[in-house]
Amino acid sequence: MKNFEIAKIFAEIADLLEIKDENPFRIRAYRKAAQNLESLTRDIAEEAENGTLEEIPGIGKDLAKKIEEYLGSGKVQFYERLKGEIPKGLLELVAIPGVGPKTARLLHERLNIQGIDELEKMIREHKLKGLPGLKEKTEENILRGIQLVKAGRERMHLGTAHSLAEGIISTLNSLPEVERISPAGSLRRMKETVKDIDILVISSRPTKVMEVFINLPLVGEIVAQGETKSSIRTREGTQVDLRVVEPESFGSALAYFTGSKAHNIHLREMARKRGLKINEYGIFKEKSNKRIAGKEEDEIYRVLDLPFIPPEIREDLGEIEAAQKGELPSLVSLEQIRGDLHIHSKWSDGAHSLKELAEAARKMRYEYIAITDHSQALWIAGGLKEEDLLRQIDEIRALNKKLNNLRLLAGTEVDIRGDGKLDIEDKVLAKLDIVVAAIHTGFKQGKEKLTKRMIQAIKNKYVNVIAHPSGRLLGEREAYELDWEEIMRQARRNNTALEINAYPQRLDLNDIRCRRAKELGLSLTIGTDAHTLSQLSMMKLGVATARRGWLEKKDIMNTLHLSQLIKKLEFRRKGKV
DNA sequence: GCCGTTTTCGGCCCGACTGTTTTCAGTCG
């Protein structure tokens with residue numbers, strides 16, 4: 001899909017126009033278009049063929065033409081021209097925290113600085129002296145920014161961000177001065193990766209809370225410190241922003257701080273049309289400046305005649321329009337999950353026995369869990385030979401007789417081999433309650449071959465689920481190439497579910513593909529792929545991904561009660577035997 | 001550059017913090 005290529009070009013055009021000091025609204029238009037393309041569930045080439053480009057929000061006549069130009073020729077003239085006008089190094093400079101377009105231009109015009117290394121050298125040689133508005137402090141800030149860029153500050157996995165935030169929140173929450181506290185930002189929206197951690201606090205003594213915050217042991221550096229807002233960077237380099245507000249502003253501050261930016265802008269525009277003004281402190285009548293609400297978050301939506309919109313879908317990707325029409329999905333929740341369908345035991349590369357897993361599952365109030373150890377091809381992960389699998393089935397059946405209110409499902413995570421065949425014979429698969437299939441090798445076979453391989457597995461009548469379908473590892477490995485439309489069509493036709501793997505590095509399917517899967521009417525499962533007991537709790541990340549993909553209870557198979565689930569799992573086999 | 005139950009032109013979210021300034025520009029979220 002060229003969606004991302006074009007999104008990247010539009011985003012870069014926005015950066016270039018910013019350096020040129022162009023109309024800020026034009027710049028915003030490019031940024032918005034880039035974001036919308038990134039999260040478009042359909043293929044942009046198909047939209048172009050159907051002549052429906054201008055139906056994509058943020059795409060008008062001009063951008064539609066640029067998209068068509070790129071699809072046709074692989075280039076956008078306007079973009080090429082801009083790149084010719086503005087030295088590449090300037091984009092490098094703007095990427096430094098603390099250096100914006102104005103400073104970058106100044107540095108280029110007055111000192112002909114072309115890139116980040118040159119800038120560093122000039123600062124160290126004190127060559128910036130005499131430039132307006134750039135004195136010692138600013139030089140120090142830029143140097144620090146350069147260090148950050150060079151250290152390659154990357155986004156964290158959602159799971160990492162979650163535990164870091166939990167630690168800070170529990171410390172602050174123990175202060176008597178803290179009345180109420182909540183995570184905010186992309187963390188609260190449960191994005192798969194998080195850059196900064198945002199935390200919001202209610203307190204009548206903000207100074208005290210700020211003081212404790214900036215003196216936390218994990219603080220490596222104080223970035224900013226004010227009365228209502230402070231930022232620190234941890235020793236590991238993660239920025240954490242803390243905002244302290246009065247009780248009557250908590251709702252509006254939480255909404256503002258949670259974002260997304262695009263969602264907030266949309267709401268604020270709606271408010272303006274009604275003669276209202278929304279900011280972090282509340283909702284005000286524009287004329288009289290009289291405050292009418294802001295204590296609770298849902299008040300913001302109420303004054304705009306909208307139902308509450310869950311944080312996970314606040315991306316301005318149609319949720320506000322859906323809310324207006326009363327068509328918001330009722331998102332699946334963690335409480336609705338009745339079991340985990342992807343777990344490894346000691347039998348392969350997991351850390352715990354079946355009994356220990358059962359005990360943990362019972363504590364989580366699950367009705368069932370599927371034991372899905374690796375198959376023989378993955379000998380490196382202790383993959384089970386067929387005879388071992390048969391013994392494991394017996395052990396599971398025996399254990400089930402002793403268990404109350406919990407059922408272990410005998411399963412496998414069978415390897416889809418390089419030639420598309422499964423690693424376990426059909427006659428053995430037939431004895432299992434659930435078959436999860438996955439690709440673990442041969443990622444570079446190319447789109448056509450990989451698609452064929454996966455479809456072969458999808459068509460096997462014993463395969464219930466395709467695990468971690470895209471194969472991506474966040475920050476480590478790109479997804480392998482697949483014809484997704486075809487995969488999803490086949491999965492739907494053959495009644496094979498796709499998994500949302502809840503492992504923090506995977507979160508695969510991702511939110512966007514979840515949304516497309518729903519549009520096409522697929523069934524999905526959420527599995528943790530847990531190898532240890534503590535990893536069972538990652539279910540919440542999988543649910544969050546499903547929620548970001550607008551999925552409801554009825555879309556997720558493991559919200560079913562045990563008897564319904566078993567019926568659904570057996571359905572295909574019976575139909576064909 | 002997009003967008004329209006106040007508009008096909010004239011709007012386009014809003015504020016905090018910093019550093020360098022005597023009232024504000026730049027950057028960020």
Side-chain angles (χ1 to χ4, degrees), chain A residues 10 13-14 17-19 21-36 53-67 78 93-107 128 131-142 144-145 184-187 189 194-198 200 206 210 222-232 239-245 249 252-253 255-284 286 289 300 304-305 316 321 324:
Chain A
F10 285 175
I13 288 178
L17 291 176
E18 199 163 39
I19 293 174
D21 203 16
E22 266 272 3
N23 175 356
F25 298 107
R26 191 180 177 205
I27 294 165
R28 200 171 96 187
Y30 275 99
R31 291 240 158 85
K32 184 88 216 307
Q35 277 172 11
N36 286 341
L53 284 176
E54 286 184 49
E55 285 171 25
I56 302 169
I59 305 293
K61 240 191 179 103
D62 185 88
L63 293 186
K65 247 172 90 183
K66 289 191 168 76
I67 292 170
F78 176 61
L93 297 187
V94 176
I96 302 169
V99 177
K102 296 272 167 22
T103 313
R105 237 190 13 233
L106 180 75
L107 291 169
L128 267 51
L131 289 183
L134 288 178
K135 296 217 159 137
E136 243 171 57
K137 275 276 193 183
T138 311
E139 287 185 356
E140 278 174 35
N141 282 338
I142 295 177
R144 214 171 302 141
S186 53
L187 175 65
R189 300 202 313 282
V194 172
K195 199 171 100 192
D196 303 329
I197 289 179
D198 301 304
L200 180 70
M210 289 300 182
I222 299 163
V223 179
Q225 184 188 357
E227 275 185 34
T228 63
K229 191 169 149 188
S230 295
S231 299
I232 59 104
Q239 185 164 326
V240 185
D241 298 338
L242 180 73
R243 182 108 177 185
V244 185
V245 299
S249 296
S252 13
Y256 156 74
F257 225 15
T258 297
S260 69
K261 195 172 168 177
H263 178 89
N264 285 346
I265 289 176
H266 196 150
L267 291 184
R268 288 174 178 194
E269 279 169 354
M270 286 175 70
R272 273 182 75 107
K273 286 182 187 151
R274 290 163 190 247
L276 300 172
K277 187 177 75 173
I278 298 178
N279 60 26
E280 311 77 307
Y281 299 106
I283 305 159
F284 302 85
E286 208 159 27
N289 225 18
I300 292 180
L304 298 175
D305 293 318
D316 197 21
E321 291 80 356
Q324 278 170 327

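Just so we're on the same page: letters track the sequence lines, and every chain starts at 1.
Between B:dC9 and B:dG15, the distance separating the two C1' atoms is 29 Å to the nearest Å. Distance check on atom C1': B:dT8 versus B:dC3 gives 9 Å, rounded to whole Å. Comparing the P positions of B:dC13 and B:dT18 gives an interatomic distance of 26 Å, to the nearest angstrom. B:dA16 and B:dG10 have their C1' atoms separated by 29 Å, with the value rounded to a whole Å. For the P atoms, the distance from B:dT7 to B:dC12 is 16 Å, rounded to whole Å. Comparing B:dG29 with B:dT22, their P atoms sit 27 Å apart, to the nearest whole Å. Nucleotides B:dG1 and B:dT5 are separated by 23 Å at their P atoms, to the nearest Å. When the P atom is compared between B:dT23 and B:dC28, the two are found 26 Å apart, to the nearest whole Å.
Checking the phosphate oxygens (OP1, OP2) of B:dG29, no side-chain nitrogen or oxygen of A:Arg243 falls inside 4.0 Å. Under 4.0 angstrom from either OP1 or OP2 of B:dT27 there lies at least one side-chain N or O belonging to A:Thr103. In terms of phosphate contacts, A:Asn264 brings no side-chain nitrogen or oxygen within less than 4.0 Å of OP1 or OP2 of B:dC13. The phosphate of B:dT21 (OP1 or OP2) has a side-chain N or O of A:Lys135 nearer than 4.0 angstrom. Side-chain N/O atoms of A:Tyr281 include one lying less than 4.0 angstrom from OP1 or OP2 on B:dA16. Considering only side-chain N and O atoms, A:Ser230 lies nowhere under 4.0 angstrom from the phosphate OP1 or OP2 of B:dC17. Distances shorter than 4.0 Å separate none of the side-chain N or O atoms of A:Ser231 from OP1 or OP2 on B:dT18. Between A:Arg268 and B:dC13, a side-chain N or O to OP1/OP2 separation shorter than 4.0 Å is absent. Between A:Lys273 and the phosphate of B:dT5, there is no side-chain N or O to OP1/OP2 separation shorter than 4.0 Å.
A:Asn23 contributes a side-chain N or O that forms a donor-acceptor pair with the base of B:dG1 under 3.5 Å. Contact of A:Tyr256 with B:dG29 (side chain to base): a donor-acceptor pair of N or O atoms is detected under 3.5 Å.
Of the candidates B:dG19, B:dA16, B:dC2, the closest approach to any side-chain atom of A:Asp62 belongs to B:dC2. Of the candidates B:dG1, B:dC17, B:dC14, the closest approach to any side-chain atom of A:Ala224 belongs to B:dC17. Each of B:dT18, B:dC12, B:dC17 was ranked by its minimum atom distance to the side chain of A:Thr228; first place goes to B:dC17. Closest to the side chain of A:Tyr30, from the set B:dC28, B:dG1, B:dC17, is B:dG1.
Searching all strands for a Watson-Crick or G-U wobble partner of B:dT8 with both distances below 3.5 Å returns nothing.
If you measure from atom CZ of A:Arg272 to atom P of B:dC14, you get 5 Å, rounded to the nearest angstrom. A:Lys277 places its NZ atom 14 Å from the P atom of B:dC12, with the value rounded to the nearest Å. For the pair A:Leu128 CG and B:dT20 P, the interatomic distance rounds to 12 Å; values are reported in whole Å. In this structure, A:Ile27 places its CD1 atom 11 Å from C1' of B:dG1, rounding to the nearest Å. Put simply, CE on A:Met270 is 15 Å from C1' on B:dC3, counting in whole angstrom units. For A:Lys102 and B:dA25, the NZ to C1' distance is 8 Å, given to the nearest whole Å. The interatomic distance linking A:Glu18 (CD) with B:dT27 (C1') rounds to 10 Å, in whole Å. Distance, A:Asp241 CG to B:dG15 P: 19 Å, rounded to whole Å.
A salt bridge does not link A:Arg26 to A:Asp62: none of the charged side-chain nitrogens sits closer than 4.0 Å to a carboxylate oxygen.
Nucleic acid contact for A:Lys66: sugar-phosphate only, since backbone atoms but no base atoms lie under 4.0 Å from a heavy atom of the residue. Using a 4.0 Å heavy-atom distance criterion, A:Lys32 is classed as making no nucleic acid contact. Counting any heavy atom pair closer than 4.0 Å across all strands shown, A:Ile96 reaches sugar-phosphate atoms only and no base atom. At a threshold of 4.0 angstrom between heavy atoms, the contacts of A:Glu136 are confined to the sugar-phosphate backbone, with no base atom among them. Within 4.0 Å of A:Pro132, counting heavy atoms only, lies no atom of the nucleic acid at all.
The two residues A:Glu139 and A:Leu128 come nearest to each other via the heavy atoms OE2-CB, 3.5 Å. In this structure, A:Lys32 and A:Asp316 approach most closely via the heavy-atom pair NZ-OD2, 2.9 Å. Looking at every heavy atom in both residues, A:Val94 comes nearest to A:Pro101 through CG2-CA, 4.3 Å.
Ring planes of A:Tyr30 and A:Phe10: perpendicular class, angle over 60° (limits at 30 and 60°).
The residue among A:Ile278 and A:Val99 whose nearest nucleotide of DNA chain B lies closer to the 5′ end is A:Ile278. The 5' end of DNA chain B is approached more closely, in terms of each residue's nearest nucleotide, by A:Ile56 than by the other of A:Ile56 and A:Arg28.
Base orientation of B:dT22: anti, the glycosidic angle falling outside 90° of 0.
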Evaluate the criterion side chain to side chain contact (heavy atoms under 4.5 Å, CB included) for residue pair A:Leu63 and A:Ile56; output intermediate values, then yes/no. CA-CA 10 Å; A:Leu63 293 186; A:Ile56 302 169; over 6 Å; no

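Taking CD1 from A:Ile96 and OG1 from A:Thr103, the interatomic distance works out to 10.0 Å, rounded to the nearest 0.5 Å. Here the CD atom belonging to A:Glu269 is positioned 6.5 Å from the NZ atom belonging to A:Lys273, to the nearest 0.5 angstrom.
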